[in-house]
Amino acid sequence: MTYYIGQALGILAIVMTILMFQLKNKTHMLFVNIISNAAVAINVLFIKNEFNSGVIICLIAIVQIIVSYIHDKKGVEVTLAEKIIFLALYIVGGLVGLTGPKEILPIIAAIFYMLAMFQKNPQRIRYILLGNMSAWVIYFISPFSTSIFAQIAGIISSVIGILRYRKKANE
């Protein structure tokens with residue numbers, strides 16, 4: 001039963017990922033991204049039946065989204081110390097959840113994610129998250145998870161968002 005609930009949450013992640021990249025406002029993108037990361041974390045937990053690097057990385061990502069939102073609200077930049085702390089959390093969290101060589105992919109994805117979430121420009125976020133989602137696609141191939149479609153949809157949606165919100169050469 002948990003397998004099917006996990007797959008259903010992967011479908012929720014698909015919808016949230018597509019929606020996120022079509023939003024123009026960073027705050028809205030962050031809120032939708034929290035839902036997507038929570039859905040993916042539970043999806044991975046239920047599909048793989050283990051608390052691994054994929055789950056841990058998604059949970060740390062939710063904390064990073066909240067920190068990014070707080071900084072945006074206050075209008076202050078993220079400090080170098082905070083960036084180093086998140087980098088360490090992603091690496092250590094990923095290594096703690098390491099259950100095999102493939103579990104290194106969420107760590108790679110997390111580094112792209114960390115870089116993206118501390119960006120101010122939504123367009124730059126879309127570009128950096130292409131690397132993040134590519135690593136997750138490979139990770140979700142086996143065991144098969146509907147979250148792979150969230151990442152593929154995210155890549156497509158991100159490219160559409162990049163094209164949709166690109167600056168004209170004359171502007």
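For the single chain, residues carry numbers from 1 onward in sequence order.
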Enquirer: Tell me, do T27 and Y69 make a side-chain contact under 4.5 Å, heavy atoms counted?
Expert: yes
Enquirer: In Å and rounded to the nearest 0.5 Å, what is the CD to CE distance from E82 to M114?
Expert: 11.5 Å
Enquirer: CD1/I14 to CG/L9 distance, rounded to the nearest 0.5 angstrom?
Expert: 11.0 Å
Enquirer: Report yes if the side chains of R126 and M29 come closer than 4.5 Å at any heavy-atom pair, otherwise no.
Expert: yes
Enquirer: What's the verdict on side-chain contact (heavy atoms from CB on, under 4.5 Å) for S158 and I162, showing C-alpha distance, side-chain angles and the deciding distance?
Expert: CA-CA 6 Å; S158 183; I162 287 167; 4.0 Å; yes
Enquirer: What's the spacing between N121 CG and R124 CZ if we round to 0.5 Å?
Expert: 5.5 Å
Enquirer: Let me check something: do I160 and M16 share a hydrophobic cluster, defined by ILVMFWY side-chain heavy atoms less than 4.5 Å apart, either directly or through other members?
Expert: yes
Enquirer: Quick check: closest heavy atoms across L129 and M20, and the distance to 0.1 Å?
Expert: CD1-CE, 4.0 Å
Enquirer: In this structure, would V78 and I66 fall into the same cluster of hydrophobic residues linked by side-chain contacts under 4.5 Å?
Expert: yes
Enquirer: Identify the two heavy atoms, one from F112 and one from G131, that lie closest to each other, and give their separation to 0.1 Å.
Expert: CD1-C, 3.6 Å
Enquirer: Hey, are the side chains of L89 and V63 touching, using non-hydrogen atoms and a 4.5 Å cut-off?
Expert: no
Enquirer: What distance separates T2 OG1 from I47 CD1, expressed to the nearest 0.5 Å?
Expert: 8.0 Å
Enquirer: Quick one, Y113 and N33 - any side-chain contact, counting heavy atoms below 4.5 Å?
Expert: yes
Enquirer: Do the side chains of I84 and V67 join up, straight or via other hydrophobic residues, at under 4.5 Å, putting them in one cluster?
Expert: no
Enquirer: Ignoring hydrogens and geometry beyond distance, is a side-chain donor-acceptor pair present between S145 and N43 at under 3.5 Å?
Expert: yes
Enquirer: For A109 and N132, work out which heavy atoms get closest and say how close.
Expert: O-ND2, 2.8 Å
Enquirer: Quick one: closest heavy-atom pair of I34 and I65, and the distance?
Expert: CG1-CG2, 3.4 Å
Enquirer: With a 4.5 Å heavy-atom cut-off, do I152 and I148 have their side chains touching?
Expert: yes
Enquirer: Would the distance check show the side chain of N37 and the main-chain N or O of V40 forming a donor-acceptor pair, the cut-off being under 3.5 Å?
Expert: no
Enquirer: Please check if any side-chain donor atom of Y127 sits under 3.5 Å from a side-chain acceptor atom of Q123, or the reverse.
Expert: no
Enquirer: Do Q151 and T17 get their side chains close enough for a donor-acceptor pair, meaning under 3.5 Å?
Expert: no
Enquirer: Evaluate the ring planes of F86 and Y90, with Trp represented by its six-membered ring, and classify them as parallel (under 30°), tilted (30 to 60°) or perpendicular (over 60°).
Expert: tilted
Enquirer: Nearest 0.5 angstrom please: H71 NE2 to K73 NZ, how far?
Expert: 14.5 Å
Enquirer: Would you please name every residue forming a salt bridge (Lys or Arg N to Asp or Glu O under 4.0 Å) with K24, sequence neighbours left out?
Expert: none
Enquirer: Less than 4.5 Å apart, side chain to side chain, heavy atoms only: is that true for Y139 and V44?
Expert: yes
Enquirer: Does S53 use its side chain to pair, donor to acceptor, with the backbone of E103 at less than 3.5 Å?
Expert: yes
Enquirer: Would you say M117 ends up clustered with L80 if hydrophobic residues are merged whenever their side chains have heavy atoms under 4.5 Å apart, either directly or through other cluster members?
Expert: no
Enquirer: Restricting to side chain to side chain donor-acceptor pair (under 3.5 Å), what partner residues turn up for K83, sequence neighbours left out?
Expert: none
Enquirer: CD1/I18 to CZ/F149 distance, rounded to the nearest 0.5 angstrom?
Expert: 11.5 Å
Enquirer: Crowded around F118 CZ? As in, over 12 foreign heavy atoms under 6.0 Å?
Expert: yes
Enquirer: Run the numbers on F31 and L23 for side-chain contact (heavy atoms from CB on, under 4.5 Å), then give the verdict.
Expert: CA-CA 11 Å; F31 176 72; L23 297 171; over 6 Å; no
Enquirer: Among I56, N49, V55, whose side-chain contact (heavy atoms from CB on, under 4.5 Å) with N52 holds?
Expert: V55
Enquirer: Would you indicate whether the side-chain heavy atoms of I35 and L12 approach each other to under 4.5 Å?
Expert: yes
Enquirer: Would you indicate whether F51, at its atom CZ, is surrounded by more than 12 heavy atoms from other residues, nucleotides or ligands within a distance under 6.0 Å?
Expert: yes
Enquirer: Do you know which two heavy atoms are closest between S68 and K26, and how far apart they sit?
Expert: OG-NZ, 3.3 Å
Enquirer: Indicate if L95 and L59 have the same hydrophobic cluster label, given that clusters are the connected sets of ILVMFWY residues with side-chain heavy-atom separations under 4.5 angstrom.
Expert: yes
Enquirer: Can you name the closest pair of heavy atoms from I108 and A135 and give their distance?
Expert: CG2-CB, 4.4 Å
